[in-house]
Amino acid sequence: MANSMVNCQLWMGSLESYMTETFILNAFRKMGENPVSVRIIRKKLTGESAGYCFVHFASDEEAMDAMHKLNSKPIPNTHPKVRFRLNNAGRTLIDREFSVWVGDLSSDVDDYNLYRIFSGQYKTIKTAKVILDVSGFSKGYGFVKFGSEEEMKHSLIYMNGFNGLGTKPLKICNAVPKPKGLFLPGIPGPSNQNDSNDFSQYYDPTTYFQNCASWQPGSVYDQSSEHQAACENSNNSERKEDDLDLIEHTIPLDIDKMNREKMDADCNLWDALESSKWLPYEMLEVA
DNA sequence: CGACGGGACGC
DNA sequence: CGACGGGACGC
């Protein structure tokens, strides 16, 4: 909760040398945003643009809203098209983040859609990002960052299969951190290079696999009661509707119903998992 | 189905 | 099916 964002600022990259403070300010205004000020960072010696700037807003909320609305969209008046590259400012690294991978996004889903859907249901949503290819088309997946591990885990269950964003049910998975640097899996690397005996760059595959696991062992117990409670609520609140009811052709109602059913199904899955007392090797009693 | 491609690590 | 952003007040 501390510093979800810093000082009402966005970092903006991919600046061309012709982009002045005024140019950027105007670009935001044309897109319907109203930043307070823009400061381009310049190289100390030469005075030329360092290629990025900080855009100041009246509030963190405004800044985050602008970020999700504009990120990856074309910047007005850029002839070879340049896209907004925005991020939350602040070198002071954000506390801790918990990400989920979101898949099965239809092509109409953008950062802002995704952001609104999640922040409508979770309090600690920090950012949402749809990954685009070089020409700006969605790759069909994205990442949502939470400030709370509990909410992140909750969304793994409850937002999986969600209907109402784009045209397909959402798929939610644990986000596995992108491996840094080299050591891509499956690429052994040249073997008769003179070995420099430097193993420091290798990461531990065990760690990697733990990151990939859908459920962490401890968390099953930590969370089970909460989830059971949630399941009960969900069951109680489900209205009895039989199949003979006329189908309501207002989409939101159908979606709500479908989502309730989906959540119930997921709760059942959770219960099954929980009661199976699935444990990894490491947890088995030895002594 | 094939498809080897770019940043690699400072202070 | 799929896994990311890279760049940060500076050289």
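Reminder, nothing fancy here: chain letters follow the sequence lines and each chain counts from 1.
Under the stacking definition used here (centres under 5.5 Å, planes under 30°), the residue A:Phe143 qualifies as stacked on the base of C:dC4. Ring-to-base geometry does not place A:Tyr141 in a stacked arrangement with C:dG2 (centre distance under 5.5 Å, plane angle under 30° required).
The minimum heavy-atom distance between A:Met19 and A:Thr78, with the atom names listed, is CE-CG2, 3.7 Å. A:Gly166 and A:Ser106 get closest at one heavy-atom pair: CA-OG, 3.1 Å.
Ring-plane geometry between A:Phe143 and A:Tyr141 is classed as perpendicular, the angle between the planes exceeding 60 degrees on a 0 to 90 degree scale with a lower cut at 30.
Residue-to-nucleotide contacts include no donor-acceptor pair under 3.5 Å from the side chain of A:Arg42 to the base of C:dC9. Side-chain atoms of A:Asn87 stay outside donor-acceptor range of the base of C:dG7, with no qualifying N/O pair under 3.5 Å.
Nucleic acid contact for A:Cys53: none, since no nucleic acid atom lies under 4.0 Å from a heavy atom of the residue. Here A:Leu45 lies in heavy-atom contact (under 4.0 Å) with sugar-phosphate atoms only. Among the protein residues, A:Ser14 comes within range of the nucleic acid bases, having at least one heavy atom under 4.0 Å from a base atom. Across all strands, A:Gly51 comes closer than 4.0 Å to no nucleic acid atom at all (heavy-atom distances).
Residue A:Thr127 is the one, among A:Ile41 and A:Thr127, whose nearest nucleotide of DNA chain C lies closer to the 5' end (criterion: closest heavy atom).
The six-membered or imidazole ring of A:His68 lies near that of A:Tyr115, with a centre-to-centre distance under 6.0 Å.
Cluster membership check: A:Leu114 does not share its hydrophobic cluster with A:Trp101, using side-chain heavy-atom separations under 4.5 Å among Ile, Leu, Val, Met, Phe, Trp and Tyr. Placement of A:Leu15 and A:Met31 within a single hydrophobic cluster is found when ILVMFWY residues are connected by side-chain heavy-atom separations under 4.5 Å, directly or transitively.
Note that CG of A:Leu25 is 10.5 Å distant from NZ of A:Lys30, once rounded to the nearest 0.5 Å. In this structure, CZ in A:Phe146 is found 4.0 Å from CD1 in A:Ile125, a value given to the nearest 0.5 Å.
Distance A:Ile172 CD1 to C:dC1 P: 14 Å, rounded to the nearest Å. Counting to the nearest Å, the C1' atom of C:dA8 and the CG atom of A:Leu15 are 12 Å from each other. Spacing between atom CH2 of A:Trp101 and atom P of C:dG5 amounts to 14 Å, rounded to whole angstrom units. Distance, A:Arg85 CZ to C:dG7 C1': 9 Å, rounded to whole Å. Between the CD1 atom of A:Ile24 and the P atom of C:dG7 there is a distance of 19 Å, rounded to whole Å. Protein atom CG of A:Leu114 is 13 Å distant from nucleotide atom C1' of C:dC4, rounded to whole Å. Computed from coordinates, the A:Met12 CE to C:dC9 C1' distance equals 16 Å when rounded to whole Å. Spacing between atom NZ of A:Lys145 and atom C1' of C:dG5 amounts to 8 Å, rounded to whole angstrom units.
With both ends at atom C1', the span from B:dC9 to C:dC9 equals 23 Å, rounded to whole Å. The same atom, C1', is picked in B:dG6 and in C:dG10; the two are 23 Å apart, to the nearest Å. For C:dA3 and B:dG5, the P atoms lie 14 Å apart once the distance is rounded to whole Å. Taking the P atom of each, C:dC4 and B:dG7 are spaced 12 Å apart, rounded to whole Å.
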*Both distances under 3.5 Å, Watson-Crick or G-U wobble: on that basis, could you give the dot-bracket string for DNA chain C, with [ ] for crossing pairs and | for other-strand partners?*
.........||
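With a glycosidic angle no further than 90° from 0, B:dA8 counts as syn. Taking 90° from 0 as the syn/anti boundary, the base of B:dC4 is oriented syn. In C:dG5 the base sits syn relative to the sugar, since the glycosidic angle is no further than 90° from 0. Look at C:dA3: its glycosidic torsion is within 90° of 0, and that puts it in the syn range.
Between A:Lys43 and C:dC9, a side-chain N or O to OP1/OP2 separation shorter than 4.0 Å is absent.
Distances from the side chain of A:Asn71 to the nucleotides C:dC9, C:dC1, C:dG5 place C:dG5 closest. Checked against C:dC9, C:dG5, C:dA3, the side chain of A:Cys173 finds its nearest nucleotide in C:dA3. Comparing atom distances between the A:Trp11 side chain and each of C:dG2, C:dG7, C:dC4 picks out C:dG7 as nearest. Between C:dC9, C:dG5, C:dA3, one nucleotide has an atom nearer to the side chain of A:Phe54 than all others, and that is C:dC9.
Using a distance-only test at 3.5 Å, with no hydrogens or angles considered, a donor-acceptor pair links the side chain of A:Asn71 to the main chain of A:Leu86.
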